[in-house]
Structure formats: C-alpha cells, structure tokens
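Read through the structure below, which is laid out as structure tokens, and then see the notes.
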Amino acid sequence: MAKTQHAQARSQQRGLPKLVEELLDRYGEEKHLGGGAVVRFISKRGRRNMELDMGRQPVAKLTQWLDVYEVSGSDGVTITVGHRIRRVRCKS
C-alpha cells in the first residue's frame, strides 16, 4: 500500500513495523471519517479472527502492536499512522 512521506516519517518515529501495517490491512476494521478519509484499526472482532488464523499465543505476543490506526485518503494512500489512545467512536 502506498504511503505519503508524512506517513512514512510517522511510522518510523512511532516504531511501527511493516508487519503491523499488513495486519491492519488484513484484520482491520474501517470507519469512514467523511471527505473520503477512512480510519483503519484492529477491533475485538479483528483480534478474534487473528487468533483463529494464527493461534492465541502469537496474538498475545503482538498485543503491544495492535492498538494502532492508519488514516487513508479517498485514493487509498495512507496519510498517517499512530497509536490508539482513545476508542474509535461509531456514529449511528
């Protein structure tokens, strides 16, 4: 997946390995932010799916890396990445 220079810099600054980005792409849940932007994060459902695919122990070792998010634009390019501190709210 393509990234902006900003996203590359933030990923490096925040110490996010390439594996985390791949896990976000595969198991991440998407929420639309408006204006075409999308935030992707790993929810409880995503963690359960990871446990089914990889097993409980490998997912437990990856726990510190699973509270991350990435924001992508309407063109699919990743704008920024970071650690989730707060819950992602859903507008219903």
Side-chain angles (χ1 to χ4, degrees):
M1 181 175 264
K3 288 201 247 181
T4 62
Q5 287 182 341
H6 176 78
Q8 291 173 352
R10 293 296 175 256
S11 182
Q12 184 179 15
Q13 287 173 347
R14 294 170 178 158
L16 300 177
K18 186 87 171 143
L19 174 64
V20 172
E21 296 169 24
E22 293 173 15
L23 292 174
L24 275 170
D25 289 339
R26 187 165 183 182
Y27 298 104
E29 185 175 329
E30 292 183 350
K31 295 293 177 191
H32 296 273
L33 300 175
V38 175
V39 64
R40 184 177 292 126
F41 60 96
I42 298 176
S43 63
K44 287 182 184 179
R45 181 181 301 142
R47 289 178 193 227
R48 281 194 301 260
N49 289 336
M50 286 174 61
E51 286 178 358
L52 290 173
D53 289 348
M54 295 188 273
R56 195 172 288 244
Q57 288 182 337
V59 174
K61 297 229 185 247
L62 292 171
T63 300
Q64 67 177 349
W65 301 110
L66 298 182
D67 288 330
V68 295
Y69 69 92
E70 73 178 12
V71 178
S72 301
S74 59
D75 54 358
V77 176
T78 301
I79 298 168
T80 191
V81 295
H83 294 279
R84 263 192 325 143
I85 298 170
R86 295 186 182 144
R87 210 176 120 185
V88 176
R89 294 278 182 188
C90 303
K91 292 184 179 180
S92 300

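Predicted, not measured: the structure shown is a model, and the values here were computed from it. Scope of the values below: all heavy atoms of this structure, side chains included, with no hydrogens, waters or symmetry mates.
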Inset, instruction - Could you check if a side-chain atom of Ser11 sits within less than 4.5 angstrom of a side-chain atom of Glu21, using non-hydrogen atoms only? - result: yes
Inset, instruction - May I ask you to test the Phe41-Glu30 pair for a side-chain heavy-atom distance under 4.5 Å? - result: no
Inset, instruction - Assess whether atom CD of Gln12 is packed by more than 12 heavy atoms of other residues, nucleotides or ligands within 6.0 Å. - result: no
Legend entry - Distance (rounded to the nearest 0.5 Å) between Arg47 CZ and Met54 CE: 11.0 Å
Inset, instruction - Could you tell me the separation between the CD atom of Glu51 and the CZ atom of Arg56, rounded to the nearest 0.5 Å? - result: 5.0 Å
Legend entry - Sub-4.5 Å side-chain heavy-atom contact between Arg26 and Asp53: yes
Inset, instruction - Calculate, to the nearest 0.5 Å, the distance between atoms CG and CH2 belonging to Leu19 and Trp65 respectively. - result: 10.0 Å
Inset, instruction - With the side chain counted from C-beta on, respond yes when Asp25 and Glu70 share a heavy-atom pair under 4.5 Å apart, and no when they do not. - result: yes
Legend entry - Heavy-atom closest pair, residues Glu29 and Ser43: OE1-OG, 2.9 Å
Inset, instruction - Check whether any side-chain heavy atom of His83 sits under 4.5 Å from a side-chain heavy atom of Asp67, and report yes or no. - result: no
Inset, instruction - Flag yes if Val38 and Val77 sit in one hydrophobic cluster, no otherwise; membership is Ile, Leu, Val, Met, Phe, Trp, Tyr, and two members link when side-chain heavy atoms are under 4.5 Å apart. - result: no
Inset, instruction - Check whether any side-chain heavy atom of Ile42 sits under 4.5 Å from a side-chain heavy atom of Leu23, and report yes or no. - result: yes
Inset, instruction - Examine distances only and state if a side-chain atom of Arg14 and a backbone atom of Val81 form a donor-acceptor pair shorter than 3.5 Å. - result: yes
Legend entry - Euclidean distance, Thr80 OG1 relative to His6 NE2, rounded to 0.5 Å: 3.5 Å
Legend entry - Leu66 side chain near Val20 side chain, heavy-atom distance below 4.5 Å: no
Inset, instruction - Side-chain contact test, heavy atoms from C-beta onward, threshold under 4.5 Å: evaluate it for Gln57 versus Leu62 and give yes or no. - result: no
Inset, instruction - State whether the side chain of Thr4 and the backbone N or O of Ile79 hold a donor-acceptor pair below 3.5 Å, judged by distance alone. - result: yes
